[in-house]
Asker: 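Let me give you the structure first, and then I'll get to my questions.
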Amino acid sequence: MSSSRLTSAFFQQDVLDVAPALLGQNLVILSNGLKLTYLITETEAYRGEDDLACHASKGKTERNHIMYALGGYVYVYLVYGMYWMLNFVTGNENDPQAVLIRGIEGFNGPGKLTKQLDINKTFYGEDLAVSERIWVEASGKSERFITAPRVGIDYAGDYWKNVKWRFIRTD
DNA sequence: AGCAAGATCGGT
DNA sequence: CCGATCTTGCTG
């Protein structure tokens, strides 16, 4: 047993458990036969149709349908016409949730890291349990973190914009 | 068919 | 603070 790839069971937990648990784990990308690993340093949780900041708050659409699948798939979308956002679907089927990968070691900012790793629309729906080009490996590093409100969601209203579902690794 | 709104970022 | 940039989803 040499692989420490996180299984789909890990991603099928609630997003509020998965988002902090991803801190200190390694995001692995296979690019041109090269295995690149980056420590995950910052995440954000988006949870269910009630969460007004979550893309699923307006129901299932062409863009967000993967969020309604069982946890363990990649959800990628374009914001502001320029930046790809990398998310992992979590939780149960028909309970739309996802974790936004907001920072990795060396690259803070969700748009910067996808540019660095060359992540785009073609990663949509990739299965983290079996994919040959993207997955997450346990690192054994610490998961100490602080929480803060999520970024860029002022439209979500007083309650949802202030909920502290942003998780930042502290070492 | 048209249009407004983004889970951002870098430069003033 | 402001503009870049373009897909999506809603409206009519």
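Letters A, B, ... mirror the listed sequences (proteins, then strands); counts begin at 1.
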Asker: Provide, to the nearest angstrom, the distance between the NZ atom belonging to K112(A) and the C1' atom belonging to dT8(B).
Answerer: 10 Å
Asker: Give the rounded distance in Å between these two atoms: CH2 of W160(A) and P of dA7(B).
Answerer: 16 Å
Asker: Taking the nucleotide of DNA chain C with the closest heavy atom to each, which residue, K58(A) or V79(A), is nearer the 5' end?
Answerer: V79(A)
Asker: Measure the spacing between CZ of R102(A) and CE of M85(A) and express it to the nearest 0.5 Å.
Answerer: 8.0 Å
Asker: Applying a strict under-4.5 Å side-chain criterion to I, L, V, M, F, W and Y, I'd like to know whether Y38(A) and F10(A) cluster together.
Answerer: yes
Asker: Just one of D14(A), D51(A), N87(A) clears the side-chain hydrogen bond (donor to acceptor under 3.5 Å, both in side chains) bar with Q97(A), so which one?
Answerer: D14(A)
Asker: Distance from Y75(A) atom OH to N64(A) atom CG, nearest 0.5 Å?
Answerer: 5.0 Å
Asker: Could you state the atom-to-atom distance from CD of E62(A) to C1' of dG9(C) in whole Å?
Answerer: 11 Å
Asker: Please round to the nearest 0.5 Å and tell me the distance separating atom CD1 of I146(A) and atom CZ of F167(A).
Answerer: 11.5 Å
Asker: Without decimals, in angstroms, what is the distance between Y77(A) OH and dG9(C) P?
Answerer: 12 Å
Asker: Roughly how many Å is it from NZ in K60(A) to C1' in dG9(C), rounded to a whole number?
Answerer: 16 Å
Asker: On the nucleotide dG6(B), are OP1 or OP2 found under 4.0 Å from the side-chain N or O atoms that R63(A) carries?
Answerer: no
Asker: Could you please name the option among dG9(C), dC6(C), dT8(B) that lies closest to any side-chain atom of L78(A)?
Answerer: dC6(C)
Asker: How far apart are the C-alpha atoms of K35(A) and E137(A), what are their side-chain angles, what is the distance that settles it, and do they pass the salt bridge (Lys or Arg N to Asp or Glu O under 4.0 Å) test?
Answerer: CA-CA 12 Å; K35(A) 184 181 167 185; E137(A) 287 184 1; 3.1 Å; yes
Asker: Starting from C1' on dA5(B), measure out to CG on D154(A) and report it in whole angstrom.
Answerer: 14 Å
Asker: At a cut-off of 3.5 Å, list every protein nitrogen or oxygen paired with a nitrogen or oxygen from nucleotides 1-4 of chain C, distance to 0.1 Å.
Answerer:
none

Asker: Given atom CH2 of W84(A) and atom C1' of dA7(B), what is their separation to the nearest angstrom?
Answerer: 14 Å
Asker: What base-paired stems does DNA chain C take part in, with at least 3 consecutive Watson-Crick or G-U wobble pairs and both distances under 3.5 Å?
Answerer: B:1-6 with C:6-11, B:8-11 with C:1-4
Asker: Answer yes or no: does a side-chain N or O of K121(A) lie under 4.0 Å from OP1 or OP2 of dT7(C)?
Answerer: no
Asker: Using 30° and 60° as the class limits, which term best fits the ring planes of H65(A) and Y124(A): parallel, tilted or perpendicular?
Answerer: tilted
Asker: Please determine whether residues Y46(A) and L16(A) belong to a single hydrophobic cluster, defined as Ile, Leu, Val, Met, Phe, Trp and Tyr linked transitively by side-chain heavy-atom distances below 4.5 Å.
Answerer: no
Asker: Select base, sugar-phosphate, or nothing to describe what G111(A) touches, counting heavy atoms under 4.0 Å on all strands.
Answerer: sugar-phosphate
Asker: Can E44(A) and R150(A) be counted as an ion pair, charged N to O under 4.0 angstrom?
Answerer: no
Asker: Which is true for I153(A) with a 4.0 Å heavy-atom rule: it touches a base, it touches only sugar-phosphate, or it touches nothing?
Answerer: sugar-phosphate
Asker: Could you give the CG-to-P distance, from N120(A) to dC6(C), as a whole number of Å?
Answerer: 15 Å
